[in-house]
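Keep in mind that this is a model prediction, so the values were computed, not measured. Convention: sequence-line order gives letters A, B, ...; per-chain numbering from 1.
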Protein chains: 2
Amino acid sequence: MLESEDMATEFTGTGDPARSMALLWRTPPGADSRPGPKTTLDVDRIVAAAVALADADGLSALSMRRVAAELGVAAMTLYTHVPGKGELLDLMLDAVLGELHPDERLLTAGPWRARLEALARANWDFFLRHPWALHVSTGRPPLGPGLMRKYELELRAVDGLGLPEVQMDLLVTLVNGFVRGTVGGVHEKAAAERVTGISEDQWWAATEPYVAQVFDAERFPTAARVGPVAGEELGAYDPRRSFEFGLARLLDGIGVLVDTGPAGLSAGGTPT
Amino acid sequence: MLESEDMATEFTGTGDPARSMALLWRTPPGADSRPGPKTTLDVDRIVAAAVALADADGLSALSMRRVAAELGVAAMTLYTHVPGKGELLDLMLDAVLGELHPDERLLTAGPWRARLEALARANWDFFLRHPWALHVSTGRPPLGPGLMRKYELELRAVDGLGLPEVQMDLLVTLVNGFVRGTVGGVHEKAAAERVTGISEDQWWAATEPYVAQVFDAERFPTAARVGPVAGEELGAYDPRRSFEFGLARLLDGIGVLVDTGPAGLSAGGTPT
DNA sequence: ACCATCTCCGTACGGCGTACGTTGTTGCCC
DNA sequence: GGGCAACAACGTACGCCGTACGGAGATGGT
């Protein structure tokens, strides 16, 4: 095989949340002037270099050594400013999250459907711009200024609809989850193409004969009927189209909730 | 920091689709009896060992050396049977996909809403059982028997609704994408806990004071109002609840499409 | 009996994250 | 101004990773 690009899902948290929070909020640790040589580096420069690298070459190209090299510095020097790669990823993520929703009014003014659509499209574009962000764990989110701002603005997109607070949170999570799921397709296609050097068309052209050889139309009648049509109309699998189609369905469904009111909640009650 | 578990998103395809397809469909390459020693290993045993390892310890623990060790064999021996790690992942994925939807009738009989719900729940459970599957690229899917069967059965779940073929495909993709996006939360929480050894509660207890210190309720009024409520009711963020809530919204939205008929399509038209 | 062919595997290369200890600079205090 | 504690920068090394390569020994067909 050619390569195996690993879009690492890495983790936040050093076990020392204090250090992480101090870094995220750029709270300098101590006094104004202290002994020791002047630093040639700072957290912002490291984060900026790392983001640029990940944007350009993907998360698999993001190594401490490469970031250091980009900054003209030895690898271990980074560890003076950042506890490890995990924390660096958190800092990167919070940094780029901060650039989301530059025009706040798109989320806070107008009818709810337009606001939620703006939310979804902004996140879609965001993940296209920073595909690596998809693969940074959200299990322990970096509670920095970027994420806080995003959460606030996105909550405003579902505010004033008469929904209980819990449902506001659930709605934001739902739309974000949908975007995450859908945008993955674009990213993985692009990454596959970059890594293998083989275009989507080339790959399919090479693979299709073997599919034809092995595919049993009697066992898979529905696939035999739908597959070709979908393949031709969507170009095998068109994530952009999936996004538009899915978003419309999703907003329709949310509309049912908003119109009926929270009392008409048809599910989402107690788990198990 | 402690560790950085990397749920590698790795890629299919050696550039030799023939070899991949032959492996996926277990098409033996040549004659019945050929020179050379008997093999102690076969593809099925390798795949089974690899799946067991990934299920138990996560994708980051899945190294060729570990799989080989599990089989009592030298690392390089695996390469006699499998071209590389990428192909092994494809084989693993197709293998576990084959166990989806054991009861076909859940997808093929009954009202459409129940069928789609069964589809979603089956995939939800599947990703809980094999969390690593989330992180194997779908950009170039392994076109093996497992995936084919899944595609066929899931298409049947949206068959007979009077929808055009393209929309059947889009609907299956939509529900699957939703599940993928939502289940990620569970997985990443569990993985974070396993890797760091710190429980969700411990982490939040350690982090919360620093949040309180830095959070500005005037800048983030909506978050200040919603966050605590959602936090208390959902336990910070409860993916199970998000799934139930989101699924209900999604099915409502699909219901609008199904009831209105494809003519009433409110979006999903031409891209750009 | 030969030999082409195949399985298995030991070694090695270049990557990774990062622990550890050294070097040399700096500001504070006496 | 001299000394020293604190600090940034960094060289080396360890244990991982995927896998290229070539050798050794077993096998079946001729």
**OP:** Report the nucleotide, chosen from D:dG18, D:dA9, C:dC8, that has the shortest atom-to-atom distance to any side-chain atom of A:L41.
**Re:** D:dA9

Original post:
Less than 4.0 Å between a side-chain N and a carboxylate O, is that true for B:D44 and B:R26?
Top reply: yes

Original post:
Which nucleotide in the list C:dC8, D:dC17, C:dG17 gets nearest to the side chain of A:K85?
Top reply: C:dG17

Original post:
Under 3.5 Å, side chain of B:W25 to main-chain N/O of B:L143, donor-acceptor pair present?
Top reply: yes

**OP:** Round to a whole Å and report the spacing from CG of A:L62 to P of C:dG17.
**Re:** 8 Å

**OP:** State whether B:R19 and B:E87 are salt-bridged, where the test is any N-O pair (Lys NZ or Arg NE/NH1/NH2 against Asp/Glu carboxylate O) under 4.0 Å.
**Re:** no

**OP:** Sequence neighbours left out, what passes ring pair (Phe, Tyr, Trp, His ring centres under 6.0 Å) with A:W124? Give chain and number order.
**Re:** A:F243

Original post:
Do the side-chain N or O atoms of B:T77 get closer than 4.0 angstrom to the phosphate oxygens (OP1, OP2) of C:dT7?
Top reply: no

Original post:
When the distance from CE of A:M64 to C1' of C:dA19 is rounded to whole Å, what number comes out?
Top reply: 13 Å

Original post:
Atom CD1 of A:I46 to atom P of D:dA8: distance rounded to whole Å?
Top reply: 11 Å

**OP:** Start with the C-alpha gap between A:H81 and A:D42, add the side-chain angles, then the distance that decides, and say whether side chain to side chain donor-acceptor pair (under 3.5 Å) holds.
**Re:** CA-CA 7 Å; A:H81 304 271; A:D42 59 47; over 6 Å; no

Original post:
Rounded to whole angstrom units, what separation is found between the CG atom of B:D42 and the P atom of C:dC6?
Top reply: 18 Å

Original post:
What nucleotide among C:dG17, D:dA9, D:dT19 has an atom nearest to a side-chain atom of A:T40?
Top reply: D:dA9

Subject >> Heavy atoms of other groups near B:Y210 OH, more than 12 under 6.0 Å >> reply: no

**OP:** Identify whether any heavy atom of A:T39 sits under 4.0 Å from a base atom; if not, whether one sits that close to sugar-phosphate; answer base, sugar-phosphate or nothing.
**Re:** sugar-phosphate

**OP:** Under 4.0 Å between any heavy atoms, over every strand shown, what does B:L88 touch: base, sugar-phosphate, or nothing? Just pick one.
**Re:** nothing

Original post:
For the side chain of B:Y79, counting heavy atoms from C-beta on, which of C:dC9, C:dT18, D:dT19 is nearest?
Top reply: D:dT19

I'd like a table of atom pairs between the protein and nucleotides 27-30 of chain D - only N or O on both sides, under 3.5 Å - with the distance next to each one.
{"residue": "D:dT27", "atom": "O2", "partner": "B:G36", "partner atom": "N", "Å": "3.0"}
{"residue": "D:dG28", "atom": "OP1", "partner": "B:K38", "partner atom": "NZ", "Å": "3.4"}
{"residue": "D:dG29", "atom": "OP1", "partner": "B:S33", "partner atom": "OG", "Å": "2.8"}

**OP:** Map A:T80 and B:R65 onto DNA chain D by nearest heavy atom, then report which one ends up closer to the 5' terminus.
**Re:** A:T80

Original post:
Atom CZ of A:R66 to atom P of C:dT18: distance rounded to whole Å?
Top reply: 17 Å

Subject >> Nearest-angstrom distance from the residue atom CG of B:L78 to P of C:dG10 >> reply: 13 Å

**OP:** Nearest whole angstrom, please: distance from the C1' of C:dC20 to the CE of A:M76.
**Re:** 8 Å

Subject >> Touch class at under 4.0 angstrom, heavy-atom based, for B:S63 against every strand present >> reply: sugar-phosphate

**OP:** Quickly work out the B:L89 CG to D:dG18 P distance and round it to whole Å.
**Re:** 10 Å

**OP:** Check B:G146 against B:D94 and note the closest heavy-atom contact, atom names and distance.
**Re:** N-OD2, 2.9 Å

